[in-house]
Amino acid sequence: NDVFYSDLVPDIVRCLADSKWRVREAAAQTLNAFGHRGVNELYRYFIVAKDRYAAEQITDEIQRTGLVRDILEELAKGGEDAGLAQDVCRKMTLMGKTTLLTQAVAANIAPEARILLMESMMEAPTQEFLNLLSTLAKKDTGPVGAKAGSLLRQAGQRSSAPRTRG
């Protein structure tokens, strides 16, 4: 799949910024269908997308088609694709699209993936996520619980730090 369609990928990526939502949706679905290369191009575009509607369309595709599971697998494997996956999680968090990500942190998946996901979600932590971190810090005796406690302490320091006016 990747080789046969690879010449079309740049044209399809450009369609992600189309003014018509159906074109954006079709472009996101098509890149997903192209396999690994297409999905990575979808992620790369998503990370830098300034167009709110394009980013929303891509987030919908990620959530609707189970790409969150693939993102978690990449986080667990490590390497270059893990960095890309972590950037996608960070952007989703900044957009407020955290329900599936929070569920993934709560799930019994690879500790490495959970820790990277928790770090990404600290960009804009929701109260639900902070509550989960608190629970993990109390109940998980392994590296996930330790990281949850560390992130909560960092969040507490940030919120209690004096703010300067500029």
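Excluded from the calculations below are hydrogen atoms, water molecules and symmetry mates; all remaining heavy atoms, backbone and side chain alike, are included.
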Backbone N or O of [Y] within a donor-acceptor pair of the [X] side chain at under 3.5 Å?
X: T126; Y: F129; value: yes
X: R24; Y: D18; value: yes
X: T30; Y: A26; value: yes

Criterion side chain to side chain contact (heavy atoms under 4.5 Å, CB included) on V39 and D70, from CA distance to verdict: CA-CA 10 Å; V39 169; D70 295 339; 5.9 Å; no
Please tell me if the side chains of [X] and [Y] come closer than 4.5 Å, counting only heavy atoms from C-beta onward.
X: R64; Y: E25; answer: yes
X: T102; Y: V105; answer: no
X: R114; Y: D140; answer: yes
X: V88; Y: I58; answer: no
X: Y43; Y: D81; answer: no
X: M95; Y: T59; answer: yes
X: L42; Y: F46; answer: no
X: L152; Y: L130; answer: yes

So, using salt bridge (Lys or Arg N to Asp or Glu O under 4.0 Å) as the criterion, who are the partners of [X] when residues are at least two apart?
X: R69; value: none
X: K138; value: none
X: K91; value: none

Distance check, rounded to the nearest 0.5 Å: [X] atom [atom1] versus [Y] atom [atom2]?
X: Q86; Y: L117; atom1: CD; atom2: CG; answer: 8.5 Å
X: Q103; Y: T98; atom1: CD; atom2: OG1; answer: 9.5 Å
X: Q29; Y: N32; atom1: CD; atom2: CG; answer: 8.5 Å
X: L75; Y: L116; atom1: CG; atom2: CG; answer: 5.5 Å
X: E74; Y: E80; atom1: CD; atom2: CD; answer: 10.5 Å
X: R153; Y: L133; atom1: CZ; atom2: CG; answer: 11.5 Å

Give the minimum heavy-atom separation between [X] and [Y], together with the two atoms involved.
X: M122; Y: L151; result: CE-O, 3.6 Å
X: P143; Y: P111; result: CG-CB, 4.3 Å
X: A54; Y: L16; result: CB-O, 3.2 Å
X: C89; Y: L101; result: O-CD1, 3.8 Å

Same apolar cluster: M92 and I47, side chain cutoff 4.5 Å: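 Yes: a chain of side-chain contacts under 4.5 Å links M92 to I47.
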hydrophobic_cluster_shared for Y53 and V23, side chain cutoff 4.5 Å: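 They do not share one cluster, since no chain of ILVMFWY contacts under 4.5 Å joins V23 to Y53.
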Full working for side chain to side chain contact (heavy atoms under 4.5 Å, CB included) between T99 and Q63: CA-CA 10 Å; T99 301; Q63 293 175 326; 5.9 Å; no
Derivation of the side chain to side chain contact (heavy atoms under 4.5 Å, CB included) call for K147 and E119: CA-CA 9 Å; K147 186 63 174 185; E119 290 171 349; 3.1 Å; yes
More than 12 heavy atoms from other groups under 6.0 Å of CG on N108: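 No, CG of N108 has 12 or fewer neighbouring heavy atoms, counting only those of other groups under 6.0 Å.
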Salt-bridge contact E56-K97 (side-chain N to carboxylate O under 4.0 Å):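 K97 and E56: salt-bridged.
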